[in-house]
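Take a look at the structure below.
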Amino acid sequence: MPSTAESYVEKPKTLAALRAGLVSGATKATDLAASYYDRIAAVNPRLNIYLSLTKERALAQAAHIDALAAKGDPLPALAGVPVGIKDVLVMQGAPATAGSKILEGYRPPYDATCVSKLEAAGAVLLGKLNCDEFAMGSSNENSAYGPVRNPVDTDRVPGGSSGGSAAAVASNMAVATLGSDTGGSIRQPASFCGVVGVLPTYGRVSRYGLIAFASSLDRVGPLAANVRDAATLLGVIAGHDPKDATSSPAPVPDYAAESDKPVAGMRIGIPAEYFAEGLDPEVRAAIEKGIAALQAAGCTVKPVSLPHTKYAIPTYYLVATAEASANLARFDGVRYGYRSPQSETLLAMYTHSRDEGFGAEVKRRILLGTYALSAGYYDAYYLKAQQVRRLLAEEFLRAFADVDAIVTPTSPVPPFNLGEKSGDPLAMYLADIYTVTASLAGICGVNVPCGATSTGLPVGMQVLAAHFNEGTAFRVARAVEEATIE
Ligand code: GLN
């Protein structure tokens, strides 16, 4: 069959360029927002990135920014910046589907903390972005509203679960976006679409207003076209929130300034376990060029050992599904969204609403998680997984005693074709091998574009750093971004 693949790649302007335009009066925030809505109208029917638009709110915010600029008032950090929000984060009065039919029609009565913080910093929130149902997936094919297409090659998946968030930046349907990452859902789609994606340390960004998947793993983070802009966004959304007891009171550094610092003298760890069997040779070659670029910039490279990596997939898929089975118990047809018309008795209403409202992957995980937590199996599965999780975290801490950052491929393979893995859940899970480890350990990381395959598919490098060392990860990612990797 002849390929019908097309490319919709377009690089958004940098935050600095947008700001200069607003300050000089050359651009108006309202015109900018309107131009983004025009692009969305033209391209979204093909790529299926936005699930809903928040036009009224966006245009009111843009008008407010224009009024500030007209008065010559100081402009906040993200003044007029068009941003898209993954549809697992709530915005007051706007649909919040989490990619699921079960939340159809639900309109939350409040804003997620990261949403309020973005808006307080002047961002213009364009709308809600497609994702895998309840953020469960690695290809966006689990969305009840249809898959997102990769803007680099429309026959391919954008990655998941934040596929809409990555594809929006890659196709300039937003300057930056928010995603969520539980086991790789920001880093892997960023890798597949050739953009920057940030996994902040657990506790760095409030989860208030994030529809929960696995609460001990869930994180909110930014995606952008370059490292410095992603760092700026993280600075805006990070910080303690009294509404999220797991959010950290640690002060928020100036991440953009951190990302400007040179890398000479930094120690970079390379774990052999991430360059073993199953790694695509073209991905390996691109990452090796990225490592050579870091050496050329004055970093020392040394091996580190992370031997528990081989247990990471089963550990992650036990912890994540166990927590998901508890978190998703609240969707009962009573409190939110979809209710089955077949509701003769209360029990029938619960059963039919959940059966009709949840997709196959979500059901698989609820069953798996419920089983892992059940009496008689708890010690063998859930407890064991928690023990291995601790070992993985300790292993990373030992490694970070010797190195400042660890670099790996983000995904063992380049973006695959739509439908290629969707019938094989295990193959899909196994491809998460390089991202779930940092999720289990609670550490931070960044995906930075690092060359391409011979057919032009993006390759992403994952830069990991110890808890609350996002600045270090940004510095290293910036050095890779600035090197030419071909
Ligand atoms: N792909 C992983 C999963 O399906 C990670 C998802 C995520 O980070 N939300 O669970």
Side-chain angles (χ1 to χ4, degrees), residues 86-89 97-100 129-143 147-148 157-166 177-193 197-200 202 205 207 210-223 312-325 327-328 358-369 372 385 389 410-413 415-416 420-422 424-447 460 462 464:
K86 184 178 182 182
D87 209 16
V88 290
L89 288 159
T97 68
S100 182
L129 299 161
N130 203 347
C131 57
D132 282 301
E133 186 174 5
F134 288 105
M136 297 176 188
S138 314
S139 68
N140 224 293
E141 292 166 294
N142 295 337
S143 168
V148 170
V157 303
S161 64
S162 311
S165 304
T177 57
L178 292 187
S180 69
D181 189 313
T182 304
S185 275
I186 290 175
R187 291 161 286 160
Q188 185 257 21
S191 167
F192 277 17
C193 293
V198 183
L199 169 77
Y202 187 82
V205 177
R207 288 180 294 111
L210 170 69
I211 297 171
F213 162 11
S215 308
S216 78
L217 297 161
D218 291 343
R219 324 221 195 136
V220 177
L223 297 93
I313 292 285
T315 304
Y316 169 80
Y317 277 94
L318 282 166
V319 175
T321 58
E323 294 185 16
S325 72
N327 275 326
L328 270 56
F358 288 136
E361 181 60 28
V362 172
K363 287 178 190 164
R364 182 178 297 120
R365 294 192 188 203
I366 293 173
L367 289 171
L368 195 62
R389 179 178 189 178
T410 300
S411 163
V413 290
F416 41 90
E420 188 178 325
K421 288 189 204 284
S422 52
D424 187 351
L426 188 60
M428 196 77 96
Y429 296 173
L430 289 172
D432 293 337
I433 177 67
Y434 301 149
T435 50
V436 293
T437 47
S439 300
L440 289 163
I443 60 172
C444 60
V446 174
N447 172 77
Q462 174 175 242
L464 299 173

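In listed order, ligands and their atoms are each counted from 1. Keep in mind that the numbers below use all heavy atoms, side chains included, and drop hydrogens, waters and symmetry copies. Counting from 1, the numbers follow the sequence of the chain as shown.
- Taking every heavy atom of Gly137 and a limit of under 4.0 angstrom, the matching atoms of ligand 1 come to 1 (N), 2 (C), 3 (C), 4 (O), 6 (C).
- Residue-ligand proximity: Tyr429 is placed with every non-hydrogen atom at 4.0 Å or more from ligand 1.
- Of all non-hydrogen atoms in Ile366 and Phe358, the two that sit nearest each other are CD1-CE1, 3.7 Å.
- Between the Gln462 side chain and the Tyr434 main chain, a donor and an acceptor come within less than 3.5 Å of each other.
- Between the side chain of Ser161 and the backbone N or O of Met136, no donor-acceptor pair lies under 3.5 Å.
- Shown in contact with Ser161 at under 4.0 Å from a heavy atom are these atoms of ligand 1, numbered in order with element: 9 (N).
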task: List the steps, then state whether side-chain hydrogen bond (donor to acceptor under 3.5 Å, both in side chains) holds for Ser165 with Lys86.
output: CA-CA 6 Å; Ser165 304; Lys86 184 178 182 182; over 6 Å; no
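- A donor-acceptor pair shorter than 3.5 Å can be found between the side chains of Ser216 and Glu323.
- Atom CZ of residue Arg187 and atom OG of residue Ser411 lie 11.5 Å apart, to the nearest 0.5 angstrom.
- Residue Ala320 places no heavy atom under 4.0 Å from ligand 1.
- For a threshold of 3.5 Å applied to N or O pairs, the pair formed by Met136 and ligand 1 contains no separation below that value.
- The shortest contact between atom 2 (C) of ligand 1 and any protein heavy atom is with Asp432 OD2, 3.2 Å.
- Close N/O approach between Ala135 and ligand 1 is found [any backbone or side-chain N/O within under 3.5 Å].
- Atom 3 (C) of ligand 1 has as its closest protein heavy atom Tyr317 OH, 3.3 Å.
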- prompt: Yes or no on side chain to side chain contact (heavy atoms under 4.5 Å, CB included) for Asp87 and Asn130, after CA distance, side-chain angles and deciding distance?
  reply: CA-CA 6 Å; Asp87 209 16; Asn130 203 347; over 6 Å; no
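- Polar contact with ligand 1: absent for Phe213 (N/O pair, distance under 3.5 Å).
- The Gly183 neighbourhood of ligand 1 comprises atoms 5 (C), 7 (C), 8 (O), with distances under 4.0 Å to a heavy atom of that residue.
- Considering backbone and side-chain N/O of Thr182, one or more are found under 3.5 Å from N/O of ligand 1.
- Nearest non-hydrogen protein atom to atom 5 (C) of ligand 1 is Tyr316 OH, 3.3 Å.
- With hydrogens and angles left out, the side-chain atoms of Ser215 and Asn327 include a donor and acceptor closer than 3.5 Å.
- In terms of protein heavy-atom proximity, atom 7 (C) of ligand 1 is nearest to Ser185 OG, 2.4 Å.
- Between Phe213 and Tyr316, the angle of the ring planes goes over 60°, which puts this pair in the perpendicular group of the 30/60° scheme.
- Contacts between Arg365 and ligand 1 below 4.0 angstrom, taking non-hydrogen atoms only, involve the side chain exclusively.
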